[in-house]
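Have a look at the structure below before the remarks.
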Amino acid sequence: MIEMSTKKVIVGKAELLEILKEKTGLPKKSLESALIALTDTIKEKVLHDGIDIRIKDFGTFKQKVTSARKGRNPRTGEELQIASTTSISFSVSSSLKIRDGEDDTDEE
């Protein structure tokens, strides 16, 4: 079973590129170009074109539209209009989920 740490570790772009470099042996510049191309493509296709992108055994990127609505300024109580927004949502593949009580190693 996986021991879950109580402290969350965040890996930034530079650390991710270093991990990928160690795993693949590819130059960091090439990996950075590929990562930028991937994120730009996801933004363009999902956010602007409304196309879902599904990466098998990883997850699905989808467009999420939040409608315009009325809100209140918490300080003054004044009613205001909140604009609609379009963003990207991500749903993780079930193959990446670990259920409580299950071990993630392949035992035979």
Side-chain angles (χ1 to χ4, degrees):
M1 183 178 302
I2 293 180
E3 295 285 330
M4 298 303 281
S5 172
T6 57
K7 185 176 179 184
K8 184 183 268 188
V9 177
I10 299 174
V11 175
K13 180 180 168 184
E15 293 90 355
L16 178 60
L17 290 171
E18 194 58 43
I19 293 167
L20 291 171
K21 180 183 171 196
E22 290 173 13
K23 284 191 169 270
T24 65
L26 294 172
K28 202 170 187 178
K29 278 285 189 200
S30 297
L31 293 167
E32 185 173 20
S33 295
L35 182 59
I36 290 169
L38 175 65
T39 56
D40 286 350
T41 300
I42 290 170
K43 283 184 224 173
E44 178 186 331
K45 295 300 178 188
V46 177
L47 198 56
H48 301 293
D49 299 342
I51 297 170
D52 294 352
I53 296 179
R54 180 176 166 261
I55 301 172
K56 187 175 177 3
D57 295 330
F58 184 68
T60 304
F61 296 90
K62 293 182 180 182
Q63 187 182 78
K64 180 181 177 185
V65 178
T66 304
S67 301
R69 61 194 187 282
K70 291 182 181 179
R72 290 203 177 271
N73 180 327
R75 286 192 177 156
T76 65
E78 176 187 0
E79 191 173 276
L80 49 99
Q81 188 67 25
I82 300 171
S84 66
T85 59
T86 303
S87 61
I88 297 174
S89 69
F90 177 75
S91 300
V92 69
S93 168
S94 61
S95 66
L96 291 181
K97 294 179 184 176
I98 300 173
R99 289 169 182 74
D100 290 341
E102 287 186 12
D103 193 352
D104 70 334
T105 58
D106 293 331
E107 294 181 15
E108 294 184 35

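- Both Phe58 and Leu38 are part of a single hydrophobic cluster, where members link through side-chain heavy atoms under 4.5 Å apart.
- Between atom OG1 of residue Thr60 and atom CD1 of residue Ile53 there is a gap of 10.0 Å, rounded to the nearest 0.5 Å.
- Evaluation of the side chain to side chain donor-acceptor pair (under 3.5 Å) test over residues 34-47, restricted to residues two or more places apart or in two chains, returns none.
- Evaluation of the salt bridge (Lys or Arg N to Asp or Glu O under 4.0 Å) test over residues 18-31, restricted to residues two or more places apart or in two chains, returns Glu18-Lys28.
- The line from NZ of Lys13 to CD of Glu32 is 4.0 Å long, rounded to the nearest 0.5 Å.
- In this structure, Ile88 CD1 and Leu47 CG are separated by 5.0 Å, a value rounded to the nearest 0.5 Å.
- Note that CZ of Phe61 and CD1 of Ile51 are 14.5 Å apart. Values are rounded to the nearest 0.5 Å.
- Both Leu16 and Leu26 are assigned to one and the same hydrophobic cluster, defined by single-linkage of ILVMFWY side chains at heavy-atom distances under 4.5 Å.
- Clustering ILVMFWY residues whenever any of their side-chain heavy atoms sit less than 4.5 angstrom apart, transitively, puts Ile82 in a cluster other than the one holding Val65.
- Residue Leu35 is grouped with residue Leu31 when hydrophobic side chains (ILVMFWY) are merged at heavy-atom distances under 4.5 angstrom, including chains of intermediate members.
- By the rule that hydrophobic residues join a cluster once side-chain heavy atoms approach within less than 4.5 Å of another member, Val11 and Phe90 end up as members of separate clusters.
- Between Ala68 and Ser84, the closest heavy-atom pair is N-CB, 3.5 Å.
- For the residue pair Ser95/Ser93, the side-chain donor-acceptor check at 3.5 Å is satisfied.
- In this structure, Lys70 and Leu80 have side chains that are not in contact, with every pair of non-hydrogen atoms separated by 4.5 Å or more.
- Nearest heavy-atom pair across Arg72 and Gly77 is NH1-O, 2.7 Å.
- Annotation: the span from Leu20 atom CG to Ser30 atom OG amounts to 12.0 Å, rounded to 0.5 Å.
- Here the CG atom belonging to Asn73 is positioned 11.5 Å from the CD atom belonging to Glu79, to the nearest 0.5 angstrom.
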